[in-house]
Number of protein chains: 2
Amino acid sequence: MSLPPPRDPDALPGASPPRATIADVAREAGVHASTVSRALNPATRGMVTEAVALRVAAVADRLGWRPSAVAAGLRTRKSRTIGILVPDLINPIFPPILHAVETLLAAQGYATLVANTDNDPAREALLIERMATHLVDGLMLASAAAGTGAISLCARLGIPAVLINRRMPEGAGCAAVSAVTNDDRHGIGLAVDHLVALGHRRIAHLGGPEGVSTATDRLQGFRDRLAQHGLEPAALRPAQAYTREAGRAAMQALLAEPGKGFTAVAVANDMLCLGVYDAMEAAGLRVAADISVTGFNDMPFVDRIHPALTTIRIQHDAMGRQAAEILLAEMADPTRPRQNIRLVPELVIRASTAPPVQEPACR
Amino acid sequence: MSLPPPRDPDALPGASPPRATIADVAREAGVHASTVSRALNPATRGMVTEAVALRVAAVADRLGWRPSAVAAGLRTRKSRTIGILVPDLINPIFPPILHAVETLLAAQGYATLVANTDNDPAREALLIERMATHLVDGLMLASAAAGTGAISLCARLGIPAVLINRRMPEGAGCAAVSAVTNDDRHGIGLAVDHLVALGHRRIAHLGGPEGVSTATDRLQGFRDRLAQHGLEPAALRPAQAYTREAGRAAMQALLAEPGKGFTAVAVANDMLCLGVYDAMEAAGLRVAADISVTGFNDMPFVDRIHPALTTIRIQHDAMGRQAAEILLAEMADPTRPRQNIRLVPELVIRASTAPPVQEPACR
DNA sequence: TTGTAAGCGTTATCAA
DNA sequence: TTGATAACGCTTACAA
């Protein structure tokens with residue numbers, strides 16, 4: 001690639017020269033604009049003589065021509081842009097997913113538009129509308145809580161969409177949209193198995209916010225696996241959100257419940273666990289020694305918290321990558337059958353779980 | 001807002017009805033398209049009679065009209081889109097910045113295009129070109145290593161840009177681009193003061209990758225403050241990158257250096273500290289008890305690692321917000337003087353620092 | 001293989 | 001205040 005032509009030295013700083021257009025290249029190369037378009041577009045290069053293609057490319061290069069995705073998009077109704085909505089970028093499980101998504105899309109020539117919904121359905125709808133305005137070719141929703149209209153909004157707007165780490169409730173039009181999630185039921189089951197194997201019999205569940213599919217699945221998986229061991233939940237409590245603060249509050253409430261002694265708590269996600277640690281510290285209880293704690297996600301650095309968290313490792317990367325691949329495939333062929341991918345999680349045993357004490361520390 | 005017209009029940013799934021355009025609205029409302037444009041664009045609404053504005057709005061609403069940012073962008077050469085380049089989304093200091101940026105920009109009606117450079121200058125250049133293709137109105141660079149052509153590329157492309165958490169080296173055309181950074185020299189100085197106050201005299205520095213402005217500034221700040229205390233660095237070592245693994249490797253090297261006993265190490269960032277902890281554990285050394293460690297950034301959850309990290313808290317939010325504000329201001333007025341904002345960091349004392357032992361654990 | 005011409009949806013300029 | 005017209009930069013039937 002050569003440099004663009006030297007700038008007019010008299011130009012105001014900030015006032016850059018007008019970009020070369022296809023018409024400019026056409027004039028310089030002595031061919032028609034449509035020929036330039038064909039020569040410069042990799043998909044249509046074959047329609048043009050090798051010699052012409054070379055000459056046009058050289059001229060384009062010399063003039064510093066850059067394609068205008070905007071002009072092309074107006075004509076083709078495609079922006080080569082994909083939007084991704086996340087509930088909360090601060091939650092460490094999303095950056096790895098976003099990283100995987102962006103990397104895969106960039107390799108395919110797509111730009112990635114990111115927005116935070118902050119768990120606000122109204123904001124989510126607004127952002128989807130805005131993305132539609134920008135003519136995104138597809139949308140990845142890591143934010144759609146079951147029951148909100150995000151998915152039907154996408155359908156109305158004619159935007160292909162896939163869900164990441166969220167899925168539609170069973171039966172509620174599952175087939176309408178593809179989803180890539182963890183096998184949350186299986187995952188929480190691994191935690192239950194581990195706790196039971198350690199000897200725990202009185203196990204509580206600190207769940208995610210109600211209505212979120214990950215929370216629902218993990219709760220259900222918890223109950224089912226416990227039942228398979230012939231046990232009942234010692235206590236159940238949803239957190240208000242997947243935040244450290246909500247985890248602290250929920251754990252405090254759990255500890256305060258009368259007559260609900262438990263020796264272990266299976267928590268719906270790692271972020272909540274940080275709050276659980278906070279609440280236990282405040283209550284003078286030791287993690288593992290007094291109450292065993294399991295997390296979910298194996299988010300970065302939980303191997304370095306104290307005590308290191310026993311948790312369920314999910315496949316962040318695969319999640320982002322697969323969702324992006326499915327979206328691209330469905331964009332290319334809208335009749336393609338929808339997919340419901342469940343990635344298999346794995347148990348990571350660290351130091352936050354131990355055999356139970358004889359007397360429940362919390363009763 | 002009312003619903004768009006019901007879809008044709010015979011339409012293929014995925015084949016949504018063509019979106020209403022301004023021309024459609026004009027026909028239905030019995031006015032000319034340009035009038036519709038004026039009525040619907042908040043900036044020009046005043047040019048049109050109240051009655052007409054109302055009628056047009058009603059029709060637009062009924063037809064489910066949405067503006068096409070693409071068409072408008074082609075005409076106005078503005079996309080209402082801002083790009084942000086980050087070196088590594090996985091590094092936890094970036095999500096909060098990105099969150100702040102996206103929130104502020106969304107409130108101003110801008111969409112945010114995100115891309116990862118993975119610290120690769122070639123990739124960075126490519127992504128900037130691609131963003132130019134998408135006609136971004138401005139660019140936020142959290143990735144520009146001093147010396148790479150990113151800034152001059154933006155200038156050539158005529159894209160307003162600001163740096164976040166990075167700045168141009170002194171004298172190297174500082175004035176050309178605004179930057180929002182931490183006062184890194186002051187920040188590392190706080191760590192040095194704290195260690196000296198604890199009684200440390202043999203203090204090492206584990207720095208960031210060479211050529212990165214944060215690394216340069218922190219190194220310089222370390223030396224300067226140490227000199228003010230009448231001390232020499234006990235040892236200096238740059239990490240290859242701001243990663244846990246690079247931190248581990250650099251700490252191993254530091255521990256292996258002959259005759260360089262030190263009782264404390266001021267590390268250039270928290271991520272590196274995780275590796276420092278790893279290396280110390282592997283070497284059978286205790287953080288704080290044997291060697292005190294300070295970090296930089298106060299990234300999420302370092303209060304929960306063991307021992308809790310003494311570090312320098314930076315203003316992530318303010319950084320993203322201010323950078324976005326400056327960018328918007330410079331987009332509005334390109335002649336606006338460039339700004340070089342340095343945010344003031346603060347020392348957070350936790351458990352990774354303690355008075356030195358008499359005999360250096362590492363000599 | 002190349003040229004012609006129309007059009008994507010919006011906004012800006014000019015005239016009425 | 002509103003209407004007519006052109007233009008933004010590119011793609012794509014269709015014609016040559």
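Side chains are part of it too, since the values below use all heavy atoms of this structure and drop only hydrogens, waters and symmetry mates. Proteins get letters first, then strands, A, B, ... in listed order; numbering begins at 1 in each.
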*asked:* C:dT11, OP1 or OP2 - any side-chain N/O from B:Asn41 closer than 4.0 Å?
replied: yes

*With nearest nucleotides of DNA chain D determined for B:Val36 and A:Ala71 from heavy-atom distances, which residue corresponds to the more 5′ nucleotide?*
B:Val36

*Using a strict cut-off of less than 4.0 Å between a Lys/Arg side-chain nitrogen and an Asp/Glu carboxylate oxygen, indicate whether A:Arg123 and B:Glu102 qualify as a salt bridge.*
yes

_Distance, nearest 0.5 Å, that separates CD1 of A:Ile82 from CG of A:Leu327_ = 4.5 Å

*Applying side chain to side chain contact (heavy atoms under 4.5 Å, CB included) between A:Ser143 and each of A:Leu127, A:Thr117, A:Asp88, report the one that passes.*
A:Thr117

_Side chains of A:Glu124 and A:Leu85, heavy atoms from C-beta outward: is any pair under 4.5 Å?_
yes

*Just how far, in rounded Å, is C1' of D:dT1 from CZ of B:Arg55?*
13 Å

*May I ask you to check whether A:Asp118 and B:His99 show a side-chain donor-acceptor distance below 3.5 Å?*
yes

*Quick one: label A:Val52 by what it contacts on the DNA or RNA (base, sugar-phosphate, nothing), any heavy atom closer than 4.0 Å.*
sugar-phosphate

_Is A:Thr49 close enough to C:dT2 that one of its side-chain N or O atoms is under 4.0 Å from OP1 or OP2 there?_
yes

*Would you mind telling me which of C:dT10, D:dG9, C:dG9 lies closest to the side-chain atoms of B:Ala72?*
C:dT10

*Nearest-Å distance, CG (A:Asp24) to C1' (D:dC8)?*
13 Å

_Rounded to whole Å, how long is the line connecting atom CZ of A:Arg80 with atom P of D:dC10?_
16 Å

*Contact nearer the 5' end of DNA chain C, comparing A:Ala33 with B:Thr76*: A:Ala33

*Is A:Ser34 near enough to C:dG3 that one of its side-chain N or O atoms lies under 4.0 angstrom from OP1 or OP2?*
no

*Out of D:dT2, C:dT11, C:dT10, which has the shortest distance to the side chain of B:Trp65?*
C:dT10

_Output the rounded distance in Å from CE (A:Met47) to P (D:dT12)._
9 Å

*Starting at atom CD of A:Glu50, determine the distance to atom P of C:dT2, rounded to an integer number of angstrom.*
11 Å

*Report the nucleotide, chosen from D:dT1, D:dG3, C:dG9, that has the shortest atom-to-atom distance to any side-chain atom of B:Thr35.*
D:dG3

*Can you check whether any acceptor in the base of C:dT11 is under 3.5 Å from a donor in the side chain of B:Arg75, or vice versa?*
yes

*Atom-to-atom span, CG of A:Leu40 to P of D:dC10 - whole angstrom*: 9 Å

_Side chain of A:His32 only, heavy atoms from C-beta on: which candidate in D:dT12, D:dT1, C:dG3 is closest?_
C:dG3

*How many Å lie between CZ on A:Arg27 and P on D:dC10, as a whole number?*
12 Å

*Can you find a side chain N or O atom of B:Arg66 that sits less than 4.0 Å from OP1 or OP2 on C:dG9?*
no

*Between A:Arg19 (CZ) and D:dG9 (P), how many Å, whole number?*
9 Å

*asked:* From C-beta outward on B:Arg38, which listed nucleotide comes closest to its side chain: D:dC10, C:dT4, D:dG3?
replied: D:dG3

_Taking the minimum atom-to-atom distance to the side chain of A:Val48, which one of C:dT2, C:dG9, C:dT11 wins?_
C:dT2

*Which nucleotide, C:dT10, D:dT12, C:dC8, lies nearest any side-chain atom of A:Ser37?*
D:dT12

*Choose from C:dC8, C:dG3, D:dT5 the nucleotide whose nearest atom is closest to any side-chain atom of A:Val31.*
C:dG3

*Closest heavy-atom contact between A:Val86 and A:Phe94?*
CG1-CD2, 4.2 Å

